[in-house]
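Computed from a prediction, not measured in an experiment: that's the story for all the values here. So that the names make sense, note that chain A is the first sequence line, chain B the second, and so on, each numbered from 1.
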Number of protein chains: 2
Amino acid sequence: MDVRSLRYFIAVFEERSLSAAAKRCFIAQPSISTTLSQLEEDLDTKLFVRHSKGVAPTDSGTQLYPHACRMVNELNDIKDMFRKNAKPLTLSISLAPFLSGTLISQVIKTMLDEIPGLTLSLVDASESADLRFTCDSYTKNDDVFYPLWEDDYVVAMPVGYWLADYTSISIKQIDKQPFVSRTPCDILESWNFIMQKQGLTTDVRAQVKTEEYALDLVAAGLGISLIPEHSARGRGDIVLRTLNDIALKRVVGLAHNKDRSFPAYVINTILMSKNKFFGKKSAIKSRVA
Amino acid sequence: MDVRSLRYFIAVFEERSLSAAAKRCFIAQPSISTTLSQLEEDLDTKLFVRHSKGVAPTDSGTQLYPHACRMVNELNDIKDMFRKNAKPLTLSISLAPFLSGTLISQVIKTMLDEIPGLTLSLVDASESADLRFTCDSYTKNDDVFYPLWEDDYVVAMPVGYWLADYTSISIKQIDKQPFVSRTPCDILESWNFIMQKQGLTTDVRAQVKTEEYALDLVAAGLGISLIPEHSARGRGDIVLRTLNDIALKRVVGLAHNKDRSFPAYVINTILMSKNKFFGKKSAIKSRVA
DNA sequence: GCAGGCTATAGGTAAAAACTAGAGCACCCA
DNA sequence: TGGGTGCTCTAGTTTTTACCTATAGCCTGC
C-alpha cells in the first residue's frame, strides 16, 4: 500500500469512473484497474461496486476517501516545506526561432505551476540562456539534452489545394510545386539532399524565418510548405498531409550547458509532466549529447 | 517521493548509519544509499552529512524526521482501520513431520504479529488444515504452493568424527558408514537411487521419524545422517559438512487447497516477510502446483 | 602505513508498473 | 431485438524501477 495507489483511488472516487480517473492521471485505464484491485486486496475490502456506467463507492470507499486525501496532501506539504525554504530561483530560457509555441507554453506553464518560487525570463535565442528549448540537432557537445517530444514533418497546403485530395502524398508529387521555404530549419539539409537525389525541384515563392509566418503564407495560398505537425495542428485555414515515402522528424527538447547545474527537481518536474502533453509514442527517452 | 523512501529515511535517521539501516530494512546497503540520494534530490536539500563512521542528520533531516514518522504511522493506521473491521480470522495450520521448527516458528510469529485478529490452531499433519507447512514434493495437484526457502541437505556427524576433517565430503566417503535413517524424507528415493547407482551402502543403525531425534542420535555418536541445513544449524553438539559431488535440496513452503480461499493479505504478509528470515538466494519465486 | 569500518558507483537481474489489444457486459436507441 | 457505445477486466508484452553483487574510495585507529 503506497501513496500511488491512494492517488489513483482519489481520482476514481472523485470521477466515479476508472476511465475518467485514468485520463486524469495520464495513464491507461487497465493500470488504474489493477492498482485499485491490489489496494482492495491489501485492505481486504471492496472499495467500489462496478457497474456498466462507472463505479460507485462502497461504505469502505467512502470511509477511506478523507484519509487518502489527508495522506496525499500531507506528503505534498512536506515537499513544499523544503522547497519553500529554498532560495527563490530565477532562470533565463530561450526559444529556438523555428519552434512554435502551443506545446512549449504548456510546458512553461507547468514549470511555473509546480515549482514555487520560480521566476522565468525569456531571452532571445541569440543570447545565452540557462535553459534552451531547441532541437537535438542544434545541441552542442557540452550540452545536456532532455528530449520532450518528436515532431513528424507534414506538408501544409491551402484549403482546396489539389494535393489535399490525397490522404497522404508522395514526395514526387511535390515536384515543381509553389513552395514557402523556411530557414533555419533542422531538416533543411536532408530535405535538399532527398529532393536533389530524386531529381525534384520546388518553385520557391517565399523565404521566411518562423513557422507561424510560413503557415500564414500557406493559408494565403502562396504555396505549400513543410512544417512539424505539432506546430501546424489546430489551424483551420490550412490542410495537413503526411508524406508516405519518406519520414522526416525532429526531436524537440530542453538543453542546457553541462557545467550549469540546477536543482535536480527542476528538470525532474519537467520530465515528469511529459506524458501530460504528448502521447506515449512521441515522448521518448533521455539522452546526453 | 513515496513512503518507501520515508521508511528508509527513518531507519537511517534512527540508526545514524546507512549500513545499519539497510540491515534493519532487510535490504542491501546500496539500495539505501541511492534511495536516500533520490529523496535528497527531490527535496533539494541534504538530509545527512556523511562521514566515515556513519552519518549525522542535518537541520533539514531533523526537521523531516517527525513528519516522516507521522506519514508512515498514518498509513499503517489506515491499513489497520480496515483490517480491524474485518471479522476475526481463525485458521488451522499443520506442520509436516519432517520439518523442524526454528524458521517456521519465526514465520508463525510474524503472522500473529502482523495480522491483527488472527487466531491459529496447530493440528496434526494427518488432519486436514487450512494451511500446511510442507515441501513442494508433497503437494497435491489441487494445491497452491508458496515456496518460502530452499534447504540444502548436509551430512551431520558427531563432533570429532573422522569425516569432520574435510571441509566438504564426497558421497563415496559415506560408503559403509554408520547411518541414522529418517523417514518420511522427501529426498529418500533420490538418495537411495544415487547410492545404489554408485554401488555404495550405509550401515543403518537407527530408523527415526523426526529431524530432531535424528540429530540427537547423531550427537550421541550413533552414526551420521543427512539433514536439511536450516534444521541442523545452531546445534553445537554436531558437525555439518556439505556434499561436494551431489546437490540435494528441498523447497519448504506453505500449501493450501486451491478451493480454500483466504483474504489475500494473509498470504501476502507471509511472502513479504520472506527475506527477513532467509537469505535472498534461498527465498525463491512462487509457483502453482 | 595497513586493516577495518563506512558510503558511493557501476553493471546486471528481477520485480513492478505501465502499455496495447481484445473480450465480456450492460445499457441505450433505433 | 439487434447493433452500437461505453465501461471494466484479462492476457501478453514492454518499459521502468528497485534491488543485488562486486568493488572502489575514503576516513579512522592501530
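By the 4.0 Å N-to-carboxylate-O rule, B/Arg50 lies close enough to B/Glu40 to be salt-bridged with it. Looking at B/Asp143 and B/Arg132, a side-chain N of the basic residue comes within less than 4.0 Å of a carboxylate O on the acidic one, giving a salt bridge. Between B/Glu74 and A/Arg70 there is a salt bridge, since a side-chain N of the basic residue sits under 4.0 Å from a carboxylate O of the acidic one.
By the 4.5 Å heavy-atom criterion applied to side chains, A/Ile115 and A/Tyr265 are counted as neighbours. Proximity of B/Met71 to A/Ile78: side-chain heavy atoms (C-beta onward) are separated by under 4.5 Å at one or more points.
One atom, CG of A/Asp42, and another, P of C/dA17, lie 11 Å apart when rounded to the nearest Å. Remark: P of C/dA8 and CG of B/Leu39 are 13 Å apart, rounded to the nearest angstrom. What separates NZ of B/Lys23 from P of C/dC6 is a distance of 6 Å, to the nearest Å. Rounded to an integer number of Å, the gap from B/His51 NE2 to D/dT28 C1' is 12 Å. Remark: C1' of D/dC20 and CG of B/Leu18 are 16 Å apart, rounded to the nearest angstrom. Spacing between atom CD1 of B/Ile27 and atom C1' of C/dA14 amounts to 15 Å, rounded to whole angstrom units. The nearest whole Å value for the distance from the CD atom in A/Glu15 to the C1' atom in D/dG6 is 16 Å. Separating the CG atom of B/Asn268 from the P atom of C/dA16 is a distance of 10 Å, rounded to the nearest angstrom.
The backbone N or O of B/Lys46 lies less than 3.5 Å from a partner atom in the side chain of B/Thr58, making a donor-acceptor pair.
Side chain of A/Arg4, nearest nucleotide from C/dA18, D/dT8, D/dT21: C/dA18. Comparing C/dA17, C/dA18, C/dT7 against the side chain of A/Asp2 picks out C/dA17 as the nearest. Among the nucleotides D/dT8, C/dA18, C/dT7, the one closest to the side chain of A/Tyr8 is C/dA18.
For the salt bridge (charged side-chain N to carboxylate O under 4.0 Å, His left out) condition, the pairs that include at least one residue of residues 21-33 of chain A, sequence neighbours left out, are A/Glu14-A/Arg24, A/Glu15-A/Arg24.
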>> What verdict does the side-chain contact (heavy atoms from CB on, under 4.5 Å) test give for B/Leu47 and B/Phe13, after you've listed the backbone C-alpha separation in whole Å, the side-chain angles of each residue and the deciding distance to 0.1 Å?
In response: CA-CA 9 Å; B/Leu47 295 168; B/Phe13 187 93; over 6 Å; no

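A donor-acceptor contact under 3.5 Å is formed by the side chain of A/Gln29 with the base of D/dC9.
Using a 4.0 Å cut-off on heavy atoms, the residues of residues 30-38 of chain A that approach DNA chain D are A/Pro30, A/Ser33, listed by number.
Under the 30°/60° scheme for interplanar angles, the aromatic rings of A/Phe48 and A/Phe9 are found to be tilted.
Applying the 4.0 Å criterion to OP1 and OP2 of D/dC9, one finds that A/Arg50 has a side-chain N or O inside that range.
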What pairs of nitrogen or oxygen atoms, one from the protein and one from nucleotides 25-30 of chain C, lie under 3.5 Å apart?
unit_1, atom_1, unit_2, atom_2, d
C/dA26, O3', A/Ser52, OG, 3.4

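At the heavy-atom level, B/Phe48 lies nowhere under 4.0 Å from the strands shown.
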